[in-house]
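Protein chains get the first letters and strands the later ones, always in sequence-line order, with residue 1 at the start of each.
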Protein chains: 2
Amino acid sequence: MARTTDRAQRGGHSGVSIEDVAAAAGVSTATVSRAVRGLPRVSPATREKILGIAADLGYVASSSASGLATGRTKTIGVLAPFVSRWFFSKAIEGSDRQLHARQYNLSLFNLGGHGSNRERLFSKTMVYKQIDALLVLCMALTHEEIEHLQKIDIPLIVVGGHVEECPYIGIDDYAAAATAVRHLIDLGHTEIALLHGDDETDLNFDVPRVRIQGFQDVMAEAGLNVRKEWDEWGDFTVRSGQDAFHRLWDRPGPKPTAIFCASDEMAMGIIFEATRAGVKIPEDLSVIGIDDHDFSEAMGLTTVRQRPDEQAELATKMLLDELDGIAGSVHSMLAPHELIVRTTTAPPRGAEAAARKGAAPETLIPRAGRP
Amino acid sequence: MARTTDRAQRGGHSGVSIEDVAAAAGVSTATVSRAVRGLPRVSPATREKILGIAADLGYVASSSASGLATGRTKTIGVLAPFVSRWFFSKAIEGSDRQLHARQYNLSLFNLGGHGSNRERLFSKTMVYKQIDALLVLCMALTHEEIEHLQKIDIPLIVVGGHVEECPYIGIDDYAAAATAVRHLIDLGHTEIALLHGDDETDLNFDVPRVRIQGFQDVMAEAGLNVRKEWDEWGDFTVRSGQDAFHRLWDRPGPKPTAIFCASDEMAMGIIFEATRAGVKIPEDLSVIGIDDHDFSEAMGLTTVRQRPDEQAELATKMLLDELDGIAGSVHSMLAPHELIVRTTTAPPRGAEAAARKGAAPETLIPRAGRP
DNA sequence: TTGTAAGCGTTATCAT
DNA sequence: ATGATAACGCTTACAA
């Protein structure tokens, strides 16, 4: 008989249950379940009635309950070393776009800022059994972690870098770096410095290495000398770019006429400090980065564009397709990159003739309060 | 008797269940449950044995199951209009810090980019019954939404702006704006423009309004004239700052000697375009923002600092304390703000004498490819 | 088309 | 200190 459920006996949880709806509609919970989920086997009339009542009552299925019953949580996990950095926040937005469209939830696991207590992630209550699939953003994983992940076989994909044995989506870092360096060489530069990324924490693992390789190979191929003193590193942030500029310029000896930075943020750091030091961009120093950060256009930064949001969106789509039963949906794939020439690169002073468009008017940016 | 569970009959979900552990340890599931959760009523010996076996088997409780049983999901929802903007990404990191420390998960609901299909959020399967508490980031909520939220009474708090009847944490926007404007006035400026935020989407609701009020009141109080033509708006992005600069400068008539921007990103847009147009900062134009964005120090931008990460961390702590049974933990609170004087502000040309430190050397930033 | 009932994996109440 | 056992709210064979 239709009777109000007697919940709140113990925990006292709030909310309308499927039984309440069933009772109010005078049908069984099974029918309500089918009706609200849009499954077949329900007559149009009953369905409509049920839907109406469900809406009136404000019924929404308990995710815990259906999760228990189906073994699916309808949420995917996104693992990121940071969230407040361009690549990651864009990737999260992209992933969310797809998730949102397909009615999935996004559970964010941020490893940054927490020291390296990442053990918790896999051993304790976090990821495991809480998500249907995992999207790893630009992070290295230890062997144990990979094993663990494979044991609890949920679909997995990494975006923005390679992890052995795992499908990944990202640009061809080697080619992207090569493209950037060739642009500099084509402009006539021969004295080219490198500001590569470093692997302080766990992030970006072999991405820095591959970009360095791209730089070196293209330089060698062009018969150009790569100087040990012009090989600098940073952690992909603006600040590290600023620091690198000073290490480069405060040292006695010849200066490069161009610098290839492994990320736009580092390139911006170089630009800010160079500007401040009176080194004119691009007349004295050409700067190119990788990413096409949100601020790059405004700054006129020449760069090799990539779209982390699209990469993550595609990766998420693969994950969801796999969960939808389309086996083999998850697979590695290269994302496109594109050279965007703006105004931080120009022929070096010697080769004025080359491109007539480069010479920017003198403008100014104020000095900051740094040491 | 100890027998291996017969799961995988239907769904075939993977994973070790509490029964497996109980069987292996020769105890009941009740005991395992107490043991793994560190509850009393378990002898040290049994506990140790159980913990060992659980570890060996790689057991971890199903969140759906315990969620069903306890009525708690151990995850809190974070509602944000964007994730790839400074304020939001920082706030998310801050919230996550607290959540992580207290073993909670973070479910991210990003409204941006999805048009305005936010109805789904409250009506359908999203927020509701999926989270134990909700952190709203800098967004307006409709009356219905607030009602709905209050009906399903989970702890709720908003960070970065006011929503009527809801507890909130954020800076005193009025005071922050006033501080910024006073700094300009103290420097000797009288011709001050305003670049305020606008409420295109739903975000930032009354924050823009309050900041405008702060500006106007301080101007009035100082007996200064606020010109209609110098009242510009933007959407808090760099791009909108660039556009605002052009609207301001491409118009005939006198120009301001200083501009107060409602956000650092907009201030940066002003700086980039001013620089490009040959308007020297701070000699020709002083610029001040609000936020202390990650790039602000590198750019030398004078600003009124706020810390969204700390605001969100505190808000999250309140939410969690409330869930821990400490009633009354959630309440409104003002977060601190602080004037950070850097080098984009200086006395106007007329009043050279005022502060001797201002004059930055001429430096340069290249022109971008904008129209 | 609809209903019955057996799970799903935990937690929590009561006994023991 | 430990063990039965009844919820928790939903899904899904299977039966009607």
Side-chain angles (χ1 to χ4, degrees), chain A residues 1-2 4-23 25-50 54 57 59-74 125 128-130, chain B residues 1-2 4-23 25-50 54 57 59-74 125 128-130:
Chain A
M1 272 237 52
T4 309
T5 50
D6 50 339
R7 92 179 48 66
Q9 328 144 221
R10 207 171 42 211
H13 325 146
S14 64
V16 187
S17 81
I18 197 173
E19 277 208 46
D20 296 323
V21 179
V27 299
S28 73
T29 62
T31 305
V32 174
S33 181
R34 292 182 204 111
V36 298
R37 287 184 301 156
L39 261 36
R41 313 174 151 265
V42 179
S43 77
T46 352
R47 181 186 305 274
E48 192 173 358
K49 179 178 185 187
I50 292 176
L57 266 40
Y59 168 74
V60 32
S62 149
S63 54
S64 294
S66 59
L68 222 208
T70 62
R72 305 277 221 170
T73 61
K74 275 281 195 177
T125 175
Y128 192 26
K129 277 184 183 164
Q130 190 112 240
Chain B
M1 273 241 55
T4 308
T5 49
D6 50 339
R7 96 179 45 64
Q9 328 144 216
R10 207 171 42 211
H13 325 146
S14 63
V16 188
S17 82
I18 197 173
E19 277 208 45
D20 297 323
V21 179
V27 298
S28 72
T29 61
T31 304
V32 174
S33 182
R34 291 183 207 111
V36 299
R37 287 184 300 156
L39 261 37
R41 313 175 149 264
V42 180
S43 78
T46 8
R47 182 186 303 275
E48 193 174 358
K49 181 179 183 184
I50 293 176
L57 266 41
Y59 168 74
V60 31
S62 150
S63 55
S64 294
S66 60
L68 221 208
T70 62
R72 306 274 224 172
T73 60
K74 274 278 193 181
T125 176
Y128 193 24
K129 276 184 184 166
Q130 190 113 238

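At least one donor-acceptor pair closer than 3.5 Å links the side chain of B:T73 to the backbone N or O of B:Q130. In this structure, B:K129 contributes its side chain and A:G15 its backbone to no donor-acceptor pair below 3.5 Å. When atom types are taken as modelled, the side chain of A:T46 and the backbone of A:V42 share no donor-acceptor pair closer than 3.5 angstrom. Looking only at distances, no side-chain donor or acceptor of B:K74 sits under 3.5 Å from a matching main-chain atom of B:S63. Between the side chain of A:R47 and the main chain of A:P40, a donor-acceptor pair closer than 3.5 Å is present.
The nucleotide whose nearest atom lies closest to any side-chain atom of A:A69 is, among D:dC10, D:dG3, C:dT2, D:dC10. Of the candidates C:dT10, C:dA12, C:dG3, the closest approach to any side-chain atom of B:A30 belongs to C:dA12. If you check D:dT2, D:dC10, D:dA4 against the side chain of A:I18, the one that comes closest is D:dC10. With C:dT11, D:dT2, D:dC10 as the choices, the nucleotide that has an atom nearest any side-chain atom of B:T29 turns out to be C:dT11. Out of D:dT11, C:dG9, C:dA12, the shortest distance to the side chain of B:T70 is found at C:dA12.
Under 4.0 angstrom from either OP1 or OP2 of C:dG9 there lies no side-chain N or O belonging to B:S64. For A:K74 and D:dT11, the shortest distance from a side-chain N or O to OP1 or OP2 is not below 4.0 Å. Put simply, A:S33 has a side-chain N or O that comes within less than 4.0 Å of OP1 or OP2 on D:dT11. One finds no side-chain N or O of B:S28 lying less than 4.0 angstrom from the OP1 or OP2 phosphate oxygen of D:dT2. Using a 4.0 Å cut-off, no side-chain N or O of A:S66 falls inside it from OP1 or OP2 of D:dC10.
Rounded to whole Å, atom P of D:dC10 lies 13 Å from atom CD1 of A:I50. Rounded to an integer number of Å, the gap from A:L68 CG to D:dT12 P is 13 Å. Counting to the nearest Å, the C1' atom of D:dA1 and the NZ atom of B:K49 are 14 Å from each other. Rounded to whole angstrom, the span from the CD atom of B:Q130 across to the P atom of D:dG9 amounts to 16 Å. Rounded to an integer number of Å, the gap from B:R72 CZ to D:dG9 C1' is 18 Å. Atom P of nucleotide C:dT10 and atom CG of B:D20 are separated by 9 Å, given to the nearest angstrom.
Taking a 4.0 Å limit (strictly below) on heavy-atom distances, residues 34-46 of chain A reaches DNA chain C at A:R34, A:R41, A:V42, A:S43, A:T46.
Nearest approach of A:I18 to A:Y59, heavy atoms of both residues: N-CE1, 3.4 Å.
Nearer to the 5' terminus of DNA chain D, by closest-nucleotide assignment, is the contact made by B:T31 (compared with the other of B:T31 and A:S62).
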- Pair A:T31-A:R34, side-chain contact (heavy atoms from CB on, under 4.5 Å): steps then yes or no: CA-CA 5 Å; A:T31 305; A:R34 292 182 204 111; 3.6 Å; yes

